[in-house]
Amino acid sequence: MFGWWAYVSGTLLSLANMISFGFKLDSMFNTPRGFELSNIFVSPSYKIFSNIGLFAFFSLSFIGIFYMVSPKYANLLSFTMAIVGVTPLFLGFFSLVTQRSIITERWWYFAQIMLSIPLSVGIIIIFNSIKNMHLQKIMLLLVIISLSFSMLLSPLVNMGDNLLFPHVSRQTFTEAELQAVYTISSKYNGPVDTDEQMLYLSFLNIGISFNSINEELYLKKISIKPRYIFIRSYLMNHLLNIYNWSYLLDYDPNKELENLRFMKIYDSNAASLFYY
């Protein structure tokens, strides 16, 4: 069945490229000397507020996990569910501790799904210890509402919200940006220099190979040589990822390229393409 799908769809190469890119050491690898800088200040209290929902979720889940694997209450089903639930969480934190990327925090999305049952068990255990039934119901309602609200305000689900989280760069592409890529690829097949995030589109079988110029954009030292440069409008007011750091450009890359005598050969509200 898989072989038939690969033959009919013609997208097996794109799937292979996607898997290969996803399991690479975080593009983001080790930050060279001179780039360990972010001009975005985030206060400790703001960091706590941003992640308190995630920490509370995992903390309550561990109460349920310890209960489900305890010799007194565990059975084969509960033990299996606990191990399956904690595995993606372990893989996510293992990547951070060892600095070895195993698709990093993306495991946390799976962990939240897998740990939903241990989370419920943990909440039930805590509130069963409250003897006053009225207080128990009120507290249970408040905890569920608070947990839900704090999880909805997490950066994991608001990566594109510049109002709530100005220090978190958008991890997805807009339809207009993708349309700009497809339009350019219909006229040109070859290398294009752009910001590093565009490398996530390398798995698309569109004939364009993207190369990162993040260091040039960060240093404001764009090399003058024959090449195509793709600039997203998003970069003018939002964060640029430089290795493990985020940086807000203090200039307009479009104007800088025009000053360097690059010709603008494509322009839209989402992106521009320059050639020298």
Side-chain angles (χ1 to χ4, degrees), residues 17-18 20-22 24-32 34-40 101 103-106 155 159-162 165-185 187-204 206-260 262-276:
N17 291 335
M18 184 188 300
S20 174
F21 187 86
K24 283 181 180 177
L25 289 181
D26 249 334
S27 38
M28 324 161 201
F29 316 103
N30 297 321
T31 306
F35 289 92
E36 298 179 1
L37 172 67
S38 175
N39 63 347
I40 304 298
S101 174
I103 63 175
T104 57
E105 70 277 359
R106 279 163 280 189
M159 286 184 174
D161 195 325
N162 194 52
F165 301 101
H167 63 285
V168 179
S169 61
R170 174 161 54 85
Q171 301 296 310
T172 56
F173 300 99
T174 64
E175 185 176 351
E177 289 172 344
L178 293 175
Q179 185 58 52
V181 171
Y182 284 121
T183 300
I184 293 170
S185 66
K187 305 295 182 181
Y188 167 74
N189 292 326
V192 173
D193 297 334
T194 184
D195 66 279
E196 190 172 82
Q197 190 169 335
M198 292 297 295
L199 269 62
Y200 285 104
L201 297 181
S202 297
F203 64 86
L204 294 177
I206 55 177
I208 292 180
S209 59
F210 292 110
N211 304 306
S212 173
I213 56 169
N214 271 20
E215 292 185 17
E216 295 181 52
L217 292 173
Y218 169 73
L219 297 172
K220 199 178 179 181
K221 293 182 179 179
I222 300 174
S223 301
I224 301 176
K225 58 184 178 181
R227 59 174 173 167
Y228 291 92
I229 297 182
F230 183 84
I231 299 294
R232 292 186 296 150
S233 303
Y234 175 82
L235 297 179
M236 281 178 259
N237 299 301
H238 300 84
L239 297 181
L240 174 71
N241 289 328
I242 305 290
Y243 297 100
N244 292 319
W245 301 87
S246 297
Y247 190 84
L248 187 63
L249 296 179
D250 57 359
Y251 69 97
D252 185 345
N254 290 298
K255 292 182 178 179
E256 179 66 17
L257 288 169
E258 291 174 353
N259 292 336
L260 294 174
F262 278 81
M263 295 184 297
K264 183 182 289 188
I265 58 177
Y266 174 84
D267 187 24
S268 71
N269 290 330
S272 301
L273 182 68
F274 294 85
Y275 178 75
Y276 188 85

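Within the model, atoms OH of Tyr228 and OH of Tyr266 stand 15.0 Å from one another, a figure rounded to the nearest 0.5 Å. The distance from the CD1 atom of Ile184 to the CD1 atom of Ile265 is 7.5 Å, given to the nearest 0.5 Å. Here Phe173 contributes atom CZ and Met198 contributes atom CE; the two are 5.0 Å apart, rounded to the nearest 0.5 Å. Between the CG atom of Leu260 and the CD1 atom of Ile224 there is a distance of 4.5 Å, given to the nearest 0.5 Å. Here Lys225 contributes atom NZ and Asp193 contributes atom CG; the two are 6.5 Å apart, rounded to the nearest 0.5 Å. Rounding to the nearest 0.5 Å gives a distance of 8.0 Å between CG of Asp252 and CD of Glu258.
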### Query
Is there a side-chain contact (heavy atoms from CB on, under 4.5 Å) between Val181 and Val192 once you walk through the steps?
CA-CA 10 Å; Val181 171; Val192 173; over 6 Å; no

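Between Ile222 and Ile213 the shortest side-chain heavy-atom distance does not fall below 4.5 Å. In this structure the side chain of Lys264 never reaches within 4.5 angstrom of the side chain of Leu257, judged on heavy atoms. Here the side chains of Arg227 and Asn211 are not in contact, with every heavy-atom distance at 4.5 Å or above.
In this structure, Glu256 contributes its side chain and Lys220 its backbone to no donor-acceptor pair below 3.5 Å.
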Show me the donor-acceptor pairs within less than 3.5 Å that the side chains of residues 268-276 make with the rest of the protein, sequence neighbours left out.
unit_1: Ser268; atom_1: OG; unit_2: Ala270; atom_2: N; d: 3.3
unit_1: Ser268; atom_1: OG; unit_2: Ala271; atom_2: N; d: 3.2
unit_1: Ser268; atom_1: OG; unit_2: Ala271; atom_2: O; d: 3.2
unit_1: Ser272; atom_1: OG; unit_2: Asp267; atom_2: OD1; d: 3.0

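Scanning all heavy atoms of the two residues, the minimum distance from Leu217 to Leu249 falls at O-CD2, 3.6 Å.
Scanning for ring pair (Phe, Tyr, Trp, His ring centres under 6.0 Å) contacts around Tyr182 gives an empty result, with sequence neighbours left out.
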